[in-house]
Structures are given as C-alpha cells and as structure tokens.
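Whatever order the structure lists ligands and atoms in, that order sets their numbers, starting from 1. Positions are given from 1 along the sequence.
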Amino acid sequence: MDPQLTIALAGNPNSGKTTAFNALTGSHQHVGNYPGITVEKKEGFIKMPSGRCVRFIDLPGTYSLTAYTQEETVARHVLAQERPDVVIDVLNAGALERNLYLTIQLLELGVPVVLALNMMDEAAKQGMTIDIERLSQRLGFPVMATVARTGEGLPELLKATEAYIETKRGEPWEPLHISYGPDLDPVLRDMEAAIAEAGLLASEYPARWVALKLLEQDEEILTRSRAEAPELAADLERQVDEVARHLRDTLNTWPEAVIADYRYGFISSL
Ligand code: GDP
Ligand code: MG
C-alpha cells in the first residue's frame, strides 16, 4: 500500500493518544525506536473513509515543543521533517486549558491541526460541558469529541480530518501569530525579520518560531543557529540577553515566563 497522506497524532502524555492510535490502525502498525535514543517510534497504516491509504505516526507525548526532553525534540523533528498533511492533536477534555498549550505551539509551527477532544466520557462524569461547535469556530478548524477507549467518535474524527486535509492540501503552512506583549513583540518582530532574511533553519521552521525558541533559551535551536550563521546568532543572542535583562529589571520576570503567560492568556480568550 502506497500511503497518499501522512497524519501525525500529537498530545500530552495520558491524553489517550496510543489508545486512539491502536483503535484506528488495529494490527497494521510497526513499533521501533528513533535511532540512538529510547523514544518509541510507532507507525501504522489505515484506509480512510474515502478509501485512501494513510500513514499514521504516533508522536511521543509532550507538553511543549521546546527541546527540554528527548520526546519534545523527536516530536518537533518529525513534524518539521515529515511535514504531515495534518496533525490530530488528542486532548484530555477534562484538562482543556493545560492541553491547549501544546495546541498553540503546533499552530505556531504552522502545521494544519484537528482537535480530538478525548475522554469526553470522563468530562461528562465531572459535569463538564464543552461548546465544541463554538471552540471549532473560534479556532477555525475541526474539533471532534471522542472516547478513544470505546472508539466512539473516531469514524467522525477521520471523516472530518480527511475533509479538512482537502481544504489545506498544497497550501503553505500558515503559522498562528499571537501577541507576546509590549516587551517581546518588537524584539520578536526584529528577530523574525533577520531570521527570515538569512533563511535561518528556513526549510524546517517559520522565522517567528525560531525567534520564539531563541527567546525560550532552546538549546538545540541555539546550537544550530550558531553553526549555521554565527554572526547572526551572536546578534540574536544579544537581543535576547537585552530583553531578558530588561524584563528582569522592570518586572522581575524572564522571556519564557512572559511567553507562557501570553499563551495561557490566548487560551483563556478562547
Ligand atoms: P497516551 O499517553 O496519550 O498514549 O495515553 P493512553 O492511550 O496510554 O491512555 C492513557 C489512559 O487513558 C489509559 O488507561 C486509557 O485506557 C485511558 N483512556 C484513553 N482514552 C480514554 C477515553 O476516551 N476515556 C477514558 N475514560 N479513558 C481513556
Ligand atoms: Mg502513548
């Protein structure tokens, strides 16, 4: 079977990703390891409602896409290099706000996203109701309720995903652009422009994303930037140091904390 589409499953640990992956791919899966590390690599193949064959990649569970852990590094490498047609982001519906933190970062990367609001049975037991329609409207892409353990909602999820892929296929990735406030926005804009002009890591990541990662002190992006464009990297690091010093002196905070605050602010506005 020659896969015509690639779909990656992303999500926080324990959101039900593997359960969904197993229910979707059945026995058609292959488990191995990423070269040199202990992170598990799982792939499977399924036939979509339309009959098309799809390659499914189960990404390691992560809370973020910064290279603090092997799992995060693997997840973002796979996204950047394999460039899936869509990412199905599996969320624990009972911990929506925390789970959406990863979603924001997927959107900032630009990959098309569909949300699977999983564990809806648990959420209902807790008395939670979620206006899925409205959330989907706000986000601008499909949000589907699922109970991966029983398979409920999975056929509808596949259908919605396939329809969404049709609207996105062949289109360039469109990274979400959120404001990080009066201190970081001007610096981000300058850094983004310089990164874009130099084409730094351009085949993998949007320029604004690279700038954000540098502000978040992401070691991998820092190391690669220094190797690829030493002068530019030094200049960017100076800008990061300067704004970090300013934030410490005026607000007793630091760029990563401000970035997290604005992401959570964006989430609560949803
Ligand atoms: P992963 O870490 O995201 O791969 O999560 P798993 O697929 O391993 O699931 C974590 C736990 O949640 C397991 O015990 C699953 O059986 C359970 N689980 C998965 N989906 C659901 C669901 O929709 N409802 C409920 N109640 N439990 C679920
Ligand atoms: Mg898992």
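The side chain to side chain contact (heavy atoms under 4.5 Å, CB included) search around Asp235 returns Arg238, Gln239, not counting sequence neighbours. Not counting sequence neighbours, Thr150 has no partner by the side-chain hydrogen bond (donor to acceptor under 3.5 Å, both in side chains) test.
For ligand 1 and Lys17, the ligand atoms under 4.0 Å from any heavy atom of the residue are 1 (P), 3 (O), 4 (O), 5 (O), 7 (O). Atoms of ligand 1 found under 4.0 Å from any heavy atom of Thr18, numbered from 1 in the order shown, are 1 (P), 4 (O), 7 (O). Interface of Val147 with ligand 1, defined as ligand atoms under 4.0 Å from a residue heavy atom, comprises 22 (C), 23 (O), 24 (N).
The protein non-hydrogen atom at the shortest distance from atom 20 (N) of ligand 1 is Asn118 ND2, 3.2 Å. With respect to atom 5 (O) of ligand 1, the closest heavy atom belonging to the protein is Gly16 N, 3.1 Å. Closest to atom 17 (C) of ligand 1 among all protein heavy atoms lies Arg149 NH2, 3.7 Å. Given atom 28 (C) of ligand 1, the protein heavy atom at minimum distance is Met119 CE, 3.7 Å. Looking only at protein heavy atoms, the nearest one to atom 15 (C) of ligand 1 is Thr19 OG1, 3.7 Å. Protein heavy atom in closest approach to atom 2 (O) of ligand 1: Asn14 N, 2.7 Å.
Residues Val111 and Leu107 are members of one and the same hydrophobic cluster, defined by side-chain heavy-atom contacts under 4.5 angstrom among Ile, Leu, Val, Met, Phe, Trp and Tyr. Residues Leu117 and Tyr164 share a hydrophobic cluster, clusters being chains of Ile/Leu/Val/Met/Phe/Trp/Tyr side chains in contact below 4.5 Å.
Between Tyr264 and Tyr101, the two ring planes are parallel [angle under 30°; tilted spans 30° to 60°].
The part of Asp121 lying near ligand 1 is the side chain, judged by heavy-atom distances below 4.0 Å. Residue Glu122 touches ligand 1 through its side chain alone, judged by heavy-atom distances below 4.0 Å. When heavy-atom distances to ligand 1 are checked against a 4.0 Å cut-off, Ala148 comes that close through both its backbone and its side chain. When non-hydrogen atoms are compared, ligand 1 lies under 4.0 Å from the backbone of Asn12 (N, CA, C, O) but not from its side chain.
One N or O on the side chain of Ser136 and one on the backbone of Phe141 form a donor-acceptor pair closer than 3.5 Å.
Looking at Thr146 next to ligand 1, no N or O pair under 3.5 Å apart turns up. Here's the thing with Pro13: none of its N/O atoms is less than 3.5 angstrom from an N/O atom of ligand 1.
At least one heavy atom of Ser15 sits closer than 4.0 Å to an atom of ligand 1.
A salt bridge between Lys159 and Glu156 is absent, with no side-chain N of the basic residue lying under 4.0 Å from a carboxylate O of the acidic one. Glu237 has a carboxylate O that lies under 4.0 Å from a charged side-chain N of Arg226, or vice versa, which qualifies the two as a salt bridge. Look at Glu166 and Arg52 and you find a salt bridge, because one of the NZ, NE, NH1 or NH2 atoms lies within 4.0 Å of a carboxylate O, short of that distance.
Excluding waters, the set of protein N/O/S atoms under 2.8 Å from the Mg ion (ligand 2) reads Thr18 OG1.
Screening residues 97-122 for salt bridge (Lys or Arg N to Asp or Glu O under 4.0 Å) gives Glu108-Arg263, Glu122-Lys125 as the qualifying pairs, with residues at least two apart or on separate chains.
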Exercise for the section: Let me see the working for Asn118 and Thr146 under side-chain hydrogen bond (donor to acceptor under 3.5 Å, both in side chains), right down to the final yes or no. Expected result: CA-CA 5 Å; Asn118 194 39; Thr146 61; 3.0 Å; yes
Practice task
Could you walk me through whether Ser179 and Asp185 pass side-chain hydrogen bond (donor to acceptor under 3.5 Å, both in side chains), step by step?
Solution key: CA-CA 6 Å; Ser179 168; Asp185 275 348; 2.7 Å; yes
Handout entry: Chi angles and distances behind the side-chain hydrogen bond (donor to acceptor under 3.5 Å, both in side chains) call for Ser50, Glu162
Key = CA-CA 8 Å; Ser50 68; Glu162 198 168 26; 2.4 Å; yes
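Checked by atom type, the side-chain pair His177/Glu192 shows no donor-acceptor distance below 3.5 Å.
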